[in-house]
There are 2 protein chains.
Amino acid sequence: MTKPPTRIQKRNRAAILTAGLDVFSQFGFRGSTLDQIATAAGLSKPNLLYYFPSKDAIYTALLERLLETWLAPLHQMDEDGDPVAEIVGYARRKLDMSRDYPRESRLFANEIVQGAPHIASHLSGELRVLVEEKAAIIKGWSRAGQIADVDPHHLIFSIWALTQHYADFDVQVRAVLDTDDPFAGAGPFLDHVMRSILRP
Amino acid sequence: MTKPPTRIQKRNRAAILTAGLDVFSQFGFRGSTLDQIATAAGLSKPNLLYYFPSKDAIYTALLERLLETWLAPLHQMDEDGDPVAEIVGYARRKLDMSRDYPRESRLFANEIVQGAPHIASHLSGELRVLVEEKAAIIKGWSRAGQIADVDPHHLIFSIWALTQHYADFDVQVRAVLDTDDPFAGAGPFLDHVMRSILRP
DNA sequence: TCTTTGTTTGACCAACTGGTCAAATCAACG
DNA sequence: CGTTGATTTGACCAGTTGGTCAAACAAAGA
């Protein structure tokens, strides 16, 4: 019964989401204003509210769309692959995401740091289930002696922490490093870390 | 010429800073209101502004006080100690801080994620100098063959990332872990990680 | 062309924001 | 006790906020 979106609807909805990502990832939910987002999207505020019913709606639309993208790299981890290659590969993909989608990472970080008021249910739902599944696989590899006996949950946390840090704390990293590309060094380092940890 | 603070001044200033820590660490600077802080401190808004001239003043007072505490563990790293013990010890102290001062960690995280508008100068000042100093020490240990040849800057980043993650992403960690004390597993894991990385 | 539907806007609103100020109240000291 | 200085407050203000609405404007099919 819902009509297909018109060409203009597609364009404007996309523009709003992009603008929202820009603004929300920089200032957080409460720190962002509809005017900022509207201006960034090239629309007037009432016009923006013609496409999304509220500020909250833009924000949650962004978060839910993001969650899929965010979990994709972990989904790819394959039980039947080579354990070290699978885990190192996951870490690598996650680092690539920090490089290529820093705004998404910061949006997520803002939400979580402030207690995840908008996506708490997703965390203890989809995310938890996915992590549980992959943790079991990793545990299996440990037991089979294919990798060292590390706590799989904390292993996953460590990958999140080590990779997202470069997007979320970008200012700090750059202030300290004075390189124009922190990821040049981060890649090899992350590789060394993961292989060292996993060596049986 | 400045008069010594009265008993009431001491009490109220402290209450305001505590309340500010609570509120700012949860909602960020722009997401927090003076009314929230005043209520949390048990004062009226005008009364709060009698002790601090502005919202900004409370926030920066907090941040600057925090910065010392924050860098203390790294300051302690001793060139003449045992390399592995020194680095593992630093990581340990940093993890303890995430456990004991999660609000401080989140306050800092909020500020950095949003581009560090209030402490950018401190990052490229004090912080950078301190990191440079300690990185040189670590580099020395590497060259002497006492630890593996790892990039000292990224080593320090990894310690920040791995420890602060447990404070900053607390909600997520708990949602996934379902343990009442994530730090119980985090400690041994962190120990394993650091020793593995550093083994020459 | 006309009409219908989709799109855009200016004017507006109530609630909230950081901040001010004069007046009231309190604490302490002689 | 009375006086002085520190403390607290209610009333207030101008600017900003998320959101509404009727009216104006475009698009597109009949």
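Order of the sequence lines sets the chain letters (A, B, ...), proteins ahead of strands, with each chain counted from 1.
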I need the [atom1]-[atom2] distance between [X] and [N], as an integer number of Å.
X	N	atom1	atom2	result
A:L43	D:dG18	CG	C1'	17 Å
A:L34	C:dA14	CG	C1'	16 Å
A:D35	D:dG19	CG	P	12 Å
A:R11	C:dT7	CZ	C1'	10 Å
B:F29	C:dG18	CZ	P	8 Å
A:I8	D:dC25	CD1	C1'	12 Å
A:K45	D:dG19	NZ	C1'	7 Å
A:N12	D:dA26	CG	C1'	13 Å

Side chains of residues 43-54 of chain B: which donor-acceptor partners sit under 3.5 Å, not counting sequence neighbours?
from: B:S44; atom 1: OG; to: B:N47; atom 2: N; distance (Å): 3.3
from: B:Y51; atom 1: OH; to: B:N12; atom 2: ND2; distance (Å): 3.0
from: B:S54; atom 1: OG; to: B:A57; atom 2: N; distance (Å): 3.2

Tell me whether the side-chain N/O atoms of [X] come closer than 4.0 Å to OP1 or OP2 in [N].
X	N	answer
B:N47	D:dT9	yes
A:Y50	C:dT8	no
B:S44	D:dT9	yes
B:Q9	D:dT7	yes
A:R7	D:dA28	yes

**Asked** Any chance CD of B:E132 has more than 12 other-residue heavy atoms, nucleotides or ligands included, within less than 6.0 Å?
**Response** yes
**Message:** How about CD on B:Q146, more than 12 heavy atoms from neighbouring residues, nucleotides or ligands closer than 6.0 Å, or not?
**Reply:**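 Counting neighbours around CD of B:Q146, more than 12 heavy atoms of other residues, nucleotides or ligands fall under 6.0 Å, so yes.
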**Asked** With under 30° as parallel and over 60° as perpendicular, where do the rings of B:Y59 and B:F24 fit, or are they tilted in between?
**Response** perpendicular
**Prompt:** Which part of the nucleic acid does A:L49 contact within heavy-atom distance under 4.0 Å: base, sugar-phosphate only, or nothing?
**Reply:**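 Base contact.
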**Asked** Heavy atoms under 4.0 Å, any strand shown: does A:Y51 hit a base, just sugar-phosphate, or nothing?
**Response**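 The residue A:Y51 makes sugar-phosphate contact but no base contact.
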**Request:** On DNA chain C, check which nucleotide each of A:L48 and B:K55 is closest to and give me the residue with the more 5' one.
**Result:** A:L48
**Request:** Verify, without hydrogens or angle tests, whether B:T33 (side chain) and B:Q36 (backbone) share a donor-acceptor contact under 3.5 angstrom.
**Result:** yes
